[in-house]
Amino acid sequence: MAFSLQLLHREDFEGRTLRALAGGAAVGVLAALAQRFHISVDPGFAVVAAGLAAARPPTGYSAMLRLALAVLPALPYFFDATAPVPQAFSGAIAAALVAFMGPGGERFGKSSEVAAGAVAAGALVPLGMYVQQVLDARFFPNGGLLGALVGFSAVALFWSVGTLASHLTLHVDPVESRGATLESTLSGEAQDKVGRALKLYRQCRAVALKMAPGAGRNELVEVLRKMAREAFNLAEAHAGLDAQLASVAHGDVDAQVKELRARAAATEDAVARRQLELAASSLGEELNRLDTLSRKRERLLAQLHAQVALLERARVSLVGVAGTEASAKGAQAAELARRLASLGEETPPAPEAEQASQPTPTRVSS
């Protein structure tokens, strides 16, 4: 069984790390100033500042969650424990709150993400403190602003690296891993359909794996994987076309064609008129291409709907099989796999084939 470790929301983690370093450096400046007055600042404050700087609370919860992030990580310091135990618990609490706030936007973090981030960050904070002590002893024995900046930033960095655990997901199936990746990167209706397809695939695969081991079950699982992969391929292709169409403003191109045609009609020079007409014709072909891509996008979305519907039918068929005896399940697996494969063959042809058989005349706006 192949395991797949997936990193989600990488951009959010990178931005969070930079903000955490800034928070740790800010506490380092305060620690350097406090040192002049013979006041010692605990390295755990770097963790609190890093959490406050790194957090991106969902809309409407910013004040409440930031207040919790400023107060709750300080609670371990009220218990009678020696370093680095309070700092480790403080880092775990801060990481749990940051992971709970999620990767920005409107969603909160999942419980598994919160737990993983808290454990890993709490374990790495003592290591960051040790690195700070080594740096102070080797390079900054007299303290100072630079030593405080480097040391407190190191603690914040190790804490932030610990929060990476909240972005990792372990998959035992590469198809499931790909679907989860697409669901986290897509948007709009395609994202909803990918999420639905992934949920259906998980349900179908769970039922199929309960059947008696054998060639029939393996064939059935492979058919389910093929159906899910096809849905993910369609969603990925749809997202690519969306990005292409979003980069070009259809209305602007149409306005340019009209402007060029108007200038060509107004000019008296034959050569200039010909050049303007050629330019308008060229842009008209670009409009045709945009229309073609737009139609192709709509067809891909329709195919995605159809593929998800096939997974729905597969789930219903598997639910019917789940009620039979284990021996009967093994006997029916191969037959069910062939039936599901035949359902997949009923999908309409790809848009490219239809488009290739029907060339589009050059469009020029008037």
Side-chain angles (χ1 to χ4, degrees), residues 2-13 102-107 110 113 167-208 220-248 250 289-318 337 340-356:
F3 291 91
S4 173
L5 193 63
Q6 181 185 7
L7 175 62
L8 300 176
H9 308 292
R10 178 179 59 85
E11 296 82 2
D12 173 70
F13 170 72
E106 300 299 326
R107 85 171 186 90
K110 301 177 182 177
E113 298 172 351
H167 294 260
L168 296 177
T169 303
L170 182 65
H171 294 285
V172 296
D173 189 303
V175 177
E176 182 179 347
S177 174
R178 185 187 177 197
T181 302
L182 284 176
E183 186 181 15
S184 65
T185 54
L186 297 181
S187 60
E189 192 173 1
Q191 182 186 42
D192 296 337
K193 288 300 172 184
V194 167
R196 181 60 181 165
L198 180 59
K199 181 179 179 180
L200 290 170
Y201 171 71
R202 286 169 174 165
Q203 293 174 348
C204 293
R205 183 173 175 273
V207 175
L220 177 59
V221 171
E222 188 56 39
V223 169
L224 293 173
R225 287 177 175 172
K226 182 179 179 182
M227 296 173 72
R229 277 196 299 265
E230 181 62 25
F232 300 151
N233 288 339
L234 290 169
E236 199 167 24
H238 180 272
L241 285 179
D242 251 349
Q244 281 184 284
L245 291 171
S247 64
V248 180
H250 188 282
R289 191 180 75 86
L290 292 177
D291 288 341
T292 299
L293 291 178
S294 181
R295 289 194 297 271
K296 183 178 177 181
R297 178 183 60 179
E298 293 175 1
R299 291 168 184 169
L300 284 172
L301 186 59
Q303 285 184 297
L304 178 58
H305 278 270
Q307 194 66 27
V308 174
L310 287 179
L311 283 169
E312 292 273 11
R313 294 178 65 179
R315 183 181 66 85
V316 172
S317 300
L318 282 166
L340 294 179
S342 65
L343 289 177
E345 295 172 358
E346 297 174 2
T347 54
E352 292 86 350
E354 185 176 345
Q355 184 61 34

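None of these values were measured; they are calculated from a predicted model.
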Least distance between heavy atoms, Val175 atom then Phe232 atom: O-CE1, 3.4 Å

NE2 on His238 to CG on Leu241, rounded to 0.5 Å: 7.5 Å

Leu186 CG to Asp192 CG distance, which is reported to the nearest 0.5 Å: 10.0 Å

Are Arg178 and Glu236 close enough, and set up right, to give a side-chain contact (heavy atoms from CB on, under 4.5 Å), and what steps lead you there? CA-CA 10 Å; Arg178 185 187 177 197; Glu236 199 167 24; 2.6 Å; yes

In this structure, OG1 of Thr181 is separated from CD of Glu176 (nearest 0.5 Å) by 10.5 Å

Any salt bridge between Glu222 and Arg229, counting N to O under 4.0 Å? yes

Could you go step by step and tell me if Glu230 and Gln303 meet the side-chain contact (heavy atoms from CB on, under 4.5 Å) rule? CA-CA 10 Å; Glu230 181 62 25; Gln303 285 184 297; 5.9 Å; no

So how far is it from Leu182 CG to Leu198 CG, rounded to the nearest 0.5 Å? 9.5 Å

Rounded to the nearest 0.5 Å, the CZ atom of Arg205 sits from the CG atom of Leu318 at a distance of 13.0 Å

Heavy atoms of Val194 and Ala235 approach each other most closely as CG2-CB, 3.2 Å

Can you name the nearest heavy-atom pair linking Met227 to Ala314, along with the distance? CE-CB, 4.2 Å

Hey, are the side chains of Arg196 and Leu311 touching, using non-hydrogen atoms and a 4.5 Å cut-off? no

Between the CG atom in Asn233 and the CD atom in Gln307, the distance rounded to the nearest 0.5 Å is 9.5 Å

Taking all non-hydrogen atoms of both residues into account, name the closest pair between Leu304 and Ala190 and its distance. CD2-CA, 4.2 Å

Any His305 side-chain heavy atom under 4.5 Å of Leu301 side chain: yes

Listed partners of Glu298 passing side-chain contact (heavy atoms from CB on, under 4.5 Å), at least two apart: Ser294

